[in-house]
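Note that the structure is predicted; figures quoted are calculated from it, not measured. As a basis for the values below, the full set of heavy atoms in this structure was taken, side chains included, without hydrogen atoms, waters or symmetry mates.
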Amino acid sequence: MEQVSANRSHGGTQGVYTHPSAATGTPMTFSVFVPDHAPGAKLPVLWYLSGLTCTHANVTEKGEFRAACAQHGIIFIGPDTSPRGDAVPDDEGYDFGKGAGFYVDATEAPWAANFRMRSYVEQELPALIAAEFPAADLTRQGITGHSMGGHGALTIALRNPGRFRSVSAFAPIVSPLNCPWGEKALGGYLGPDRAAWRPYDACALIEDGARLPDLLVDQGEADTFLHEQLKTGLLVMACRKAGIPATIRMQPDYDHSYYFISSFLAEHIGWHAERLKG
């Protein structure tokens, strides 16, 4: 692991790092904010997964999370959304290829060689964090994300029961099986067998028996992607049917941008903090 940058902010250190990834076969970049803490102290960890077209930098530069993380003593980790590099295959569309990894392990050529973001986020990066950041307490983890990253946060938590004490999301893609973004991405990365898509669909996972202890979701009512791509109502129905305690809030006049996310991210961090204590 190499440090790309380090900046003091809000009583902590905002770092950006790069390392060679075995999962993706490429260098990967991620950001970590570590609040000041006593020597030997262990701090809970909150993962933030970004959305389509984003890198680690979007939330790092526009998320406005550091003051809240410093207040609550939470380490905040922002991975990239996909492998990158000249040798990595790409697509002309913004919603597939680089910047659009969808947190899956691809099985179709030419994507399978590099697009293994599920393995990267679920296994490789947590192991690296454990090795390189001694303050990180990986027995106390929360996860959140935006849009495609909200899809990632929900599905990773549902597939790994007990790993995350807290789960939230901003404008998540709740059912890739039932939206154009999801059909393009999952069809391209995983092939035409829709049964292979179900582990990457939050509503399908809930229908198949996966559960969360509780859930917080914020969705902007002025989000232009709401009705065709995000379909928040499907998650409302899935949680209600499964008995999952879910606070799913529709926020009037808010859109899909970081103006929306930064308005509520500190509140989400406080919500995670309550569940990551002890």
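Considering only residues two or more places apart in sequence or on other chains, Arg159 meets the side-chain contact (heavy atoms from CB on, under 4.5 Å) condition with Arg118, Glu122, Thr155, Ile156, Pro199, Tyr200, Leu205. Remark: Ala6 engages Gln3, Thr13 in a side-chain contact (heavy atoms from CB on, under 4.5 Å) (not counting sequence neighbours). Taking Glu183 as the reference, Arg194, Trp197 meet the side-chain contact (heavy atoms from CB on, under 4.5 Å) condition, with sequence neighbours excluded. When the side-chain contact (heavy atoms from CB on, under 4.5 Å) test is applied to Glu132, the partners found at least two apart in sequence or on another chain are Met1, Leu128. Here Asp90 pairs with nothing under the salt bridge (charged side-chain N to carboxylate O under 4.0 Å, His left out) rule; sequence neighbours left out. Partners of Glu2 by salt bridge (charged side-chain N to carboxylate O under 4.0 Å, His left out), not counting sequence neighbours: none found. Taking the ring-ring contact (aromatic ring centres under 6.0 Å, His included) definition, one finds that Tyr48 meets it with Phe76, sequence neighbours left out.
For residues 101-110, the pairs satisfying side chain to side chain donor-acceptor pair (under 3.5 Å) are Asp105-Ser119, with sequence neighbours left out. Applying the salt bridge (Lys or Arg N to Asp or Glu O under 4.0 Å) test to every pair with at least one member in residues 218-234, sequence neighbours left out, gives these pairs: Asp218-Arg249. Under the ring-ring contact (aromatic ring centres under 6.0 Å, His included) criterion, no residue pair touches residues 202-221, with sequence neighbours excluded. The ring-ring contact (aromatic ring centres under 6.0 Å, His included) contacts involving residues 215-245 comprise Trp181-Phe225, Phe225-His256, where partners must be two or more places apart or lie in separate chains.
Clustering of Ile, Leu, Val, Met, Phe, Trp and Tyr side chains at separations under 4.5 Å places Leu216 together with Trp271.
A salt bridge is defined here as a Lys NZ or Arg NE, NH1 or NH2 lying under 4.0 Å from an Asp or Glu carboxylate O, and Asp80 with Lys98 fails to meet this definition.
Here the two rings, on His268 and Phe170, have centers that are under 6.0 Å apart.
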Full working for ring pair (Phe, Tyr, Trp, His ring centres under 6.0 Å) between Phe96 and Phe102: CA-CA 9 Å; Phe96 193 73; Phe102 269 81; 8.3 Å; no
